[in-house]
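For the numbers below, each heavy atom of this structure counts, side chains included, while hydrogens, waters and symmetry mates do not. Everything numeric here is computed off the predicted structure, so don't read it as measured data. Just so we're on the same page: letters track the sequence lines, and every chain starts at 1.
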There are 2 protein chains.
Amino acid sequence: MSEPVPPGGTPKSATPKSATPKSATPPSETQSRRASIGARRSPAAEAAILDAARSLLAEKGYAGFSIDEVARRAGAGKPTIYRWWPSKADLFIAVYSADKAAAIVVPDTGALATDLAAYTTELWRFWRETPSGVAFRALLAEAQASEQAMAALRDKFLPLRLADLACVFTRAADRGEIAPADADDLLQLYIGFHWVHLLTGRIGEDAASIERMARLIVRAGRPDTAAPPTR
Amino acid sequence: MSEPVPPGGTPKSATPKSATPKSATPPSETQSRRASIGARRSPAAEAAILDAARSLLAEKGYAGFSIDEVARRAGAGKPTIYRWWPSKADLFIAVYSADKAAAIVVPDTGALATDLAAYTTELWRFWRETPSGVAFRALLAEAQASEQAMAALRDKFLPLRLADLACVFTRAADRGEIAPADADDLLQLYIGFHWVHLLTGRIGEDAASIERMARLIVRAGRPDTAAPPTR
DNA sequence: TCGTTACGAAACGAACCGTTTCGTTTGTTG
DNA sequence: CAACAAACGAAACGGTTCGTTTCGTAACGA
């Protein structure tokens, strides 16, 4: 869905015929126009479009993310965009996927609490300072209006993105810090913490809050505390 | 969304399709027209607009929530809508606020874990079965594109809506189940749990998951376990 | 060489937003 | 009772965006 569409359409053999002698369209200044490079996809056009989309998203958020504006900035035609990305969402997802490479380093400090605090600090900074943060928020928003986007988010995007954090919890379980059975639930709780802050615009560097939350998570997972009134 | 793009152009079917003679729209049946009742606001119009907005939101989500369509369904003029709700967002919030009355009963079972589980079950049912769930998701989405909506969500909407849950945690602190200092953070964790499930479309009745999460929250707040290796 | 394909420019239709004009209806005020 | 004020619905307008189509041009490939 997010991949460019291979052009395999029906060859229409009808010659344009050009009954209308349009003439004109003077090629006066062929200066900066990025002409076709022939019967193949232009890497220059693709790169220009992706770059324009990324910077536009970073500057104006999803609200200002219009195909027309992307085309203007990229010096590309809208048909060129729609040829390779059938919808606005496709282009949007492509941008995020391309950025995902520059991901986040998963900390390994030897203790869950410090791992979590470090990860959160880094993630929030990433969300604040890169187009990806904006893009992710937009993706969450988009998913609320499109069942398709929702499914993609839930089934493809999240599991992939959460793999890093999952292994932080796995290591903690191996160290005996938390009960292995709780690892998944604790991960979910921590994700929720991130999302609430992201979606309400509170992803500043509130170190105290981050640390408190990390300690709560650790405490919730402590296996030895399960003794007394667990029924 | 659209189909894969046939890049070579399609056999254009030579369609002069439009040319719709607009005329029509015969007011022939003057029956149902809701005339002015004079120099005062018409309760009938207000109710019709709110009802139309609510049902439209429930049916099509925020994507299909257009002022034009609301006006059509309500048999109202757009100026009437804009006279009383200056923007689309205002009408939208009005719908949610009106529904908020039929809110959720805050459980008081005597134990935090069971309170939380009961509350979650009820809240998710509410989100699933009323337009409000759709509306809240849409509000979250809207906030990602509009700083204004974000501020309203963070500063006005949430504190109000969270008051119920807060008192569940307060009662638990009074009973000594959790450390009073942790109440706010635990509440945040629990909210995050709700949001993640709402935003990823997983608000079915997963009783087991709900209960596990409630127990984790309680354990995270246990005051007596607050001891050692915080380093 | 000649057909195929990609390119950008431009225009188009549809949808929606928010506004304005218009004629009508009905309370309120003098 | 008459004049005014205010609300009503219909309709249209300007602006924006999406996604499509047409058109002329340019390079690859057989």
Side-chain angles (χ1 to χ4, degrees), chain A residues 6-28 30 32-46 48-49 63-72 74-91, chain B residues 1-3 5-20 22-27 30 32-46 48-49 63-72 74-91:
Chain A
T10 50
K12 74 163 183 186
S13 50
T15 44
K17 215 57 161 181
S18 76
T20 41
K22 273 300 174 82
S23 73
T25 316
S28 44
T30 325
S32 62
R33 193 175 194 268
R34 178 173 54 239
S36 165
I37 60 171
R40 3 182 284 269
R41 182 171 190 172
S42 162
E46 179 178 5
I49 289 168
F65 182 66
S66 78
I67 296 290
D68 289 85
E69 179 63 20
V70 171
R72 253 192 307 274
K78 288 204 296 175
T80 302
I81 297 182
Y82 280 104
R83 183 167 12 248
W84 303 113
W85 299 275
S87 78
K88 187 178 164 181
D90 285 83
L91 175 57
Chain B
M1 293 304 183
S2 54
E3 307 306 306
V5 177
T10 46
K12 50 241 175 141
S13 47
T15 54
K17 53 172 55 176
S18 60
T20 31
K22 39 184 45 182
S23 67
T25 319
T30 324
S32 60
R33 193 174 194 269
R34 179 174 48 242
S36 165
I37 59 170
R40 8 184 277 271
R41 182 170 188 173
S42 161
E46 179 178 6
I49 291 169
F65 183 66
S66 78
I67 295 290
D68 287 87
E69 179 63 20
V70 170
R72 255 192 306 274
K78 288 205 295 175
T80 301
I81 297 182
Y82 280 103
R83 184 165 14 247
W84 302 114
W85 299 276
S87 79
K88 186 178 164 181
D90 285 83
L91 176 57

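Considering only side-chain N and O atoms, A:R83 lies nowhere under 4.0 angstrom from the phosphate OP1 or OP2 of C:dA6.
Across all non-hydrogen atoms, the minimal contact from B:A71 to B:G77 is CB-C, 4.5 Å. Closest approach of B:A74 to B:A48, counting heavy atoms only: CB-O, 3.6 Å. Taking both residues in full, the closest heavy atoms of A:I49 and A:V70 are given as O-CG1, 3.9 Å, listed atom of the first, atom of the second, then distance.
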Might you list the N or O atoms of the protein lying below 3.5 Å from N or O atoms in nucleotides 17-21 of chain C, with each pair's distance?
{"from": "C:dC17", "atom 1": "OP1", "to": "B:F65", "atom 2": "O", "distance (Å)": "3.4"}
{"from": "C:dC17", "atom 1": "OP1", "to": "B:I67", "atom 2": "N", "distance (Å)": "3.2"}
{"from": "C:dC17", "atom 1": "OP1", "to": "B:K88", "atom 2": "NZ", "distance (Å)": "3.3"}
{"from": "C:dC17", "atom 1": "OP2", "to": "B:I67", "atom 2": "N", "distance (Å)": "2.8"}
{"from": "C:dC17", "atom 1": "OP2", "to": "B:D68", "atom 2": "N", "distance (Å)": "3.3"}
{"from": "C:dC17", "atom 1": "OP2", "to": "B:D68", "atom 2": "OD1", "distance (Å)": "3.2"}
{"from": "C:dG18", "atom 1": "OP2", "to": "B:Y82", "atom 2": "OH", "distance (Å)": "2.9"}
{"from": "C:dG18", "atom 1": "N7", "to": "B:K78", "atom 2": "NZ", "distance (Å)": "2.8"}
{"from": "C:dG18", "atom 1": "O6", "to": "B:K78", "atom 2": "NZ", "distance (Å)": "2.7"}

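The CH2 atom of A:W84 sits 8 Å away from the C1' atom of C:dA6 (whole-angstrom rounding). One interatomic measurement links the two molecules: CG of B:L91 to P of C:dC16, which rounds to 15 Å at whole-angstrom precision.
Taking B:R83 as the reference, nothing meets the side-chain hydrogen bond (donor to acceptor under 3.5 Å, both in side chains) condition, with sequence neighbours excluded.
Within 4.0 Å (heavy atoms only), B:W85 reaches no atom of the nucleic acid at all.
Contact of the B:W85 side chain with the B:I67 side chain is not registered, since no non-hydrogen atoms from C-beta on lie closer than 4.5 Å.
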